Amino acid sequence: DGIVVRAPNGTVHLVDAVTGRLKHSSGSSLPAFYVEAIQDLEPGPNVGSCGTAVWSGERVIAADIAHDPHWRDYAALAQRAGLRACWSEPLRDSSGRPLGTFAIYRRVPGEPGDDDFRLITAAARFAAVAVERKRDEDALAESEARFANAFEFAAVGVALRALDGRWLKVNRAFCDMLGYCEDELLASALETLAHREDLPRLAQHLAELRSGAQTSFQQELRLAHRLGRSIWTLLSVSTVHGSGSTPLYHVCQVQDLSALKMAENERDTLFQLSPDMLCVAYIDGRFKQVNPAWTRTLGWCEDELLAMSY
C-alpha cells in the first residue's frame with residue numbers, strides 16, 4: 001500500500017484485503033531473506049508477534065524471541081536475521097476491522113519501556129489512518145475507472161447533463177446513434193435535438209427534475225440525427241445528488257428504438273391489411289382492437305365492435 005512510518009526499527013505488515021493474509025509493507029531494516037520468508041503469512045495464534053496480533057486483535061510483546069511460544073516456528077529464522085525481540089501493535093480501521101500491524105524489532109532481548117509504548121501506540125495510530133486513507137483513495141480511483149469504462153463502452157447512449165442543460169460528457173454510442181462527433185454533440189442540448197411534438201412532455205419532465213418534484217423520468221423521444229431524420233429513442237434521466245441531497249447533474253441513458261419501432265410498424269401494417277379477422281382483446285373478452293376485416297365480414301363499424309365482446 002506504499003505506507004512508510006518513520007520509527008526506529010519499525011515495520012508495517014498489512015492484511016491483504018482479498019486473501020486475508022499478512023504481507024510486509026515497509027521496514028527497510030529487515031533483511032531481504034527475512035522479508036521474503038514472512039510474506040503471505042496466515043494470521044494465527046502462534047505466527048510470530050504480528051500474525052498473532054492480527055489474529056487476537058491485541059498487542060503482542062515478544063521480549064525474547066528465542067523462548068517465546070508465539071515464535072516457536074519462526075525462532076530460527078529470526079535468529080538468522082539477528083532479531084531478538086519484537087513488539088507488535090494491531091492496526092484497525094475506523095470500523096474496528098483489522099488492517100495489519102506496526103512492529104518494532106530489536107537486536108537484543110528486552111521489554112518495551114514507557115517511551116517505547118508511547119511510540120508504538122502513536123505510530124500504530126498514524127499507520128492505521130494512513131493505510132485507511134490510502135485504501136479509500138485506491139477504492140475511489142478504482143470506482144471512477146470502472147465508471148469511466150462503463151460510461152465509454154456502454155452499448156447504449158450515455159450522457160451527463162448539467163443542471164442548466166449543457167452536456168458535460170457524452171459517450172461514443174450516443175455520438176454514433178445520432179451521427180455527430182463528440183464536439184458537435186457537446187455544443188448542442190437535449191431540447192434542440194428533440195422532435196418538436198415531443199418537446200412539451202420533455203419540458204414538463206425537466207421542469208419537475210429542476211423543482212425536485214421527481215428525481216427521474218423515462219420517455220420515448222424522437223431525436224434528430226445529423227442527416228436530418230428522426231431516431232426513436234427511450235430516454236431515461238435521473239438526478240445525481242451530492243452531500244446534503246444537493247443535485248449535481250443528470251445521468252441520461254438513451255436506447256435506440258429504431259428496430260423496435262420498425263417491427264411495430266410492420267406488425268401494425270400486417271394487422272390492418274390482413275384478410276383474416278384479427279383482434280386484440282382484454283382478458284374479460286372485450287375487444288381492445290379489431291382490424292378492418294371484421295367490418296368487411298360482419299358489417300359493424302369499429303366503434304360498434306369495440307363495444308362488444310367475443
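As the structure is a prediction and not an experimental result, all values here were calculated from the model. Note: hydrogens, waters and symmetry copies are ignored here, and every other heavy atom, side chains too, is used.
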Enquirer: Hey, could you give me the CD1/CD1 distance between I61 and I104, rounded to the nearest 0.5 Å?
Expert: 9.0 Å
Enquirer: Within a radius of less than 6.0 Å around CZ of R196, do more than 12 heavy atoms belonging to other residues, nucleotides or ligands occur?
Expert: no
Enquirer: Quick check for you: to the nearest 0.5 Å, what is the distance between Y105 atom OH and L30 atom CG?
Expert: 5.5 Å
Enquirer: Using only heavy-atom distances, determine whether the side chains of H24 and T11 contain a donor-acceptor pair under 3.5 Å.
Expert: yes
Enquirer: Same cluster for V240 and F151 if Ile/Leu/Val/Met/Phe/Trp/Tyr side chains link at under 4.5 Å?
Expert: yes
Enquirer: Under the 4.5 Å side-chain heavy-atom rule for ILVMFWY, direct or indirect, which residues accompany L178?
Expert: W167, V170, F174, M177, Y180, L185, L186, L190, L193, L199, L202, L206, L209, F217, L221, L223, I231, L235, V237, V254
Enquirer: Closest approach of N291 and D276, non-hydrogen atoms and distance?
Expert: ND2-O, 2.8 Å
Enquirer: Which salt bridge (Lys or Arg N to Asp or Glu O under 4.0 Å) pairs, counting each pair once, include a residue from residues 179-194, with sequence neighbours left out?
Expert: R161-E191, E184-R226
Enquirer: Using modelled atom types only, decide if a donor and an acceptor are shared between the side chain of T192 and the backbone of S188 within a distance under 3.5 Å.
Expert: no
Enquirer: Specify the closest pair of heavy atoms between G51 and L22, including all atoms of both residues, with the distance to one decimal.
Expert: N-CD2, 3.8 Å
Enquirer: Got a sec, which hydrophobics cluster with V108, joining ILVMFWY side chains under 4.5 Å apart, including via others?
Expert: none
Enquirer: What's the verdict on side-chain contact (heavy atoms from CB on, under 4.5 Å) for T19 and E42, showing C-alpha distance, side-chain angles and the deciding distance?
Expert: CA-CA 9 Å; T19 65; E42 175 121 22; over 6 Å; no
Enquirer: Assess the residue pair F102 and L91 against the criterion (side-chain contact (heavy atoms from CB on, under 4.5 Å)); give the C-alpha distance rounded to whole Å, side-chain angles, the decisive distance to 0.1 Å, and a yes or no.
Expert: CA-CA 7 Å; F102 172 77; L91 309 181; 4.0 Å; yes
Enquirer: Report the C-alpha separation of R84 and D64 in whole Å, then their side-chain angles, then the decisive distance to 0.1 Å, and conclude whether the salt bridge (charged side-chain N to carboxylate O under 4.0 Å, His left out) test is met.
Expert: CA-CA 6 Å; R84 298 296 180 263; D64 185 357; over 6 Å; no
Enquirer: Over all heavy atoms of both residues, which pair between S88 and T101 is shortest? Give the atoms and the distance, please.
Expert: OG-CB, 3.4 Å
Enquirer: Between F33 and V35, is there shared hydrophobic-cluster membership here, with clusters defined by ILVMFWY side-chain heavy atoms closer than 4.5 Å?
Expert: yes
Enquirer: For S309, enumerate each residue passing the side chain to side chain contact (heavy atoms under 4.5 Å, CB included) test, keeping only those at least two apart in sequence or located in another chain.
Expert: R286
Enquirer: Would you say CD of E36 has more than 12 non-hydrogen atoms from neighbouring residues, nucleotides or ligands within 6.0 angstrom?
Expert: no
Enquirer: Shortest non-hydrogen contact from Q219 to H205?
Expert: OE1-CD2, 3.3 Å
Enquirer: Are H13 and K23 close enough, and set up right, to give a side-chain contact (heavy atoms from CB on, under 4.5 Å), and what steps lead you there?
Expert: CA-CA 5 Å; H13 302 277; K23 295 181 179 294; over 6 Å; no
Enquirer: Would you mind listing the cluster partners of V129? Hydrophobic ones only (ILVMFWY), side-chain contacts under 4.5 Å, chaining allowed.
Expert: none
Enquirer: Taking the hydrophobic residues Ile, Leu, Val, Met, Phe, Trp and Tyr, and joining any pair whose side-chain heavy atoms are under 4.5 Å apart, which ones share a cluster with W232?
Expert: L234, L257, L260
Enquirer: I'd like to check the side chain to side chain contact (heavy atoms under 4.5 Å, CB included) partners of V47; sequence neighbours left out, ordered by chain and number.
Expert: L41, Y74
Enquirer: My understanding is that only residues two or more places apart in sequence, or in another chain, count here; which of them pass side chain to side chain contact (heavy atoms under 4.5 Å, CB included) with E266?
Expert: M262
Enquirer: Would you call D115-R118 a salt bridge at under 4.0 Å N-O?
Expert: yes
Enquirer: Sorted by first residue and then second, give each salt bridge (Lys or Arg N to Asp or Glu O under 4.0 Å) pair with at least one member in residues 47-60; sequence neighbours left out.
Expert: R59-E89
Enquirer: Linking I/L/V/M/F/W/Y whenever their side-chain heavy atoms sit closer than 4.5 Å, directly or via other members, would F153 and V158 fall into one cluster?
Expert: no
Enquirer: Quick one, D93 and R135 - any side-chain contact, counting heavy atoms below 4.5 Å?
Expert: no
Enquirer: For the pair N171 (side chain) and V156 (backbone), establish whether a donor and an acceptor sit closer than 3.5 Å, ignoring hydrogens and angles.
Expert: yes
Enquirer: Just wondering, do R97 and V15 contact through their side chains at under 4.5 Å, heavy atoms?
Expert: no
Enquirer: Atom OH of Y282 and atom CD of Q289: how far apart are they, to the nearest 0.5 Å?
Expert: 10.0 Å
Enquirer: Please walk me through it: do R21 and D16 pass salt bridge (charged side-chain N to carboxylate O under 4.0 Å, His left out)?
Expert: CA-CA 5 Å; R21 301 176 81 87; D16 187 279; over 6 Å; no
Enquirer: CD1/I65 to OG/S49 distance, rounded to the nearest 0.5 angstrom?
Expert: 6.0 Å
Enquirer: Rounded at 0.5 Å granularity, tell me how far OG in S258 sits from NE2 in H225.
Expert: 9.0 Å
Enquirer: Do any pairs count as a salt bridge (Lys or Arg N to Asp or Glu O under 4.0 Å) and have a residue in residues 202-221, sequence neighbours left out, and if so which ones?
Expert: E220-K261
Enquirer: Would you call K134 and D138 a salt bridge, using N to O less than 4.0 angstrom?
Expert: yes
Enquirer: Between T269 and N265, is there a donor-acceptor pair closer than 3.5 Å when you use the side chain of the first and the backbone of the second?
Expert: yes
Enquirer: So which heavy atom on A103 is nearest to which on C86, and how close?
Expert: CB-SG, 4.1 Å
Enquirer: For the NE2 atom on H67, are there more than 12 heavy atoms of other groups (residues, nucleotides or ligands in this structure) within a distance under 6.0 Å?
Expert: no
Enquirer: Can you tell me how far OG of S238 sits from CD of Q218, rounded to the nearest 0.5 angstrom?
Expert: 10.5 Å
Enquirer: side-chain contact (heavy atoms from CB on, under 4.5 Å), that's the test. Do L119 and F117 meet it? Break it down for me.
Expert: CA-CA 5 Å; L119 172 63; F117 278 124; over 6 Å; no
Enquirer: Using the rule that Ile, Leu, Val, Met, Phe, Trp and Tyr join whenever any side-chain heavy atoms are under 4.5 Å apart, tell me whether W87 and L14 fall into a single cluster.
Expert: yes
Enquirer: The criterion is ring-ring contact (aromatic ring centres under 6.0 Å, His included); which residues satisfy it with F287, sequence neighbours excluded?
Expert: W294
Enquirer: Any link between L248 and L160 through a network of hydrophobic side chains (Ile, Leu, Val, Met, Phe, Trp, Tyr) touching at under 4.5 Å?
Expert: yes
Enquirer: Not counting sequence neighbours, which residues clear side chain to side chain contact (heavy atoms under 4.5 Å, CB included) with S94? List them please.
Expert: E132
Enquirer: State, to 0.1 Å, how close G82 and R107 come at their nearest heavy-atom pair, and which atoms those are.
Expert: O-CD, 3.1 Å
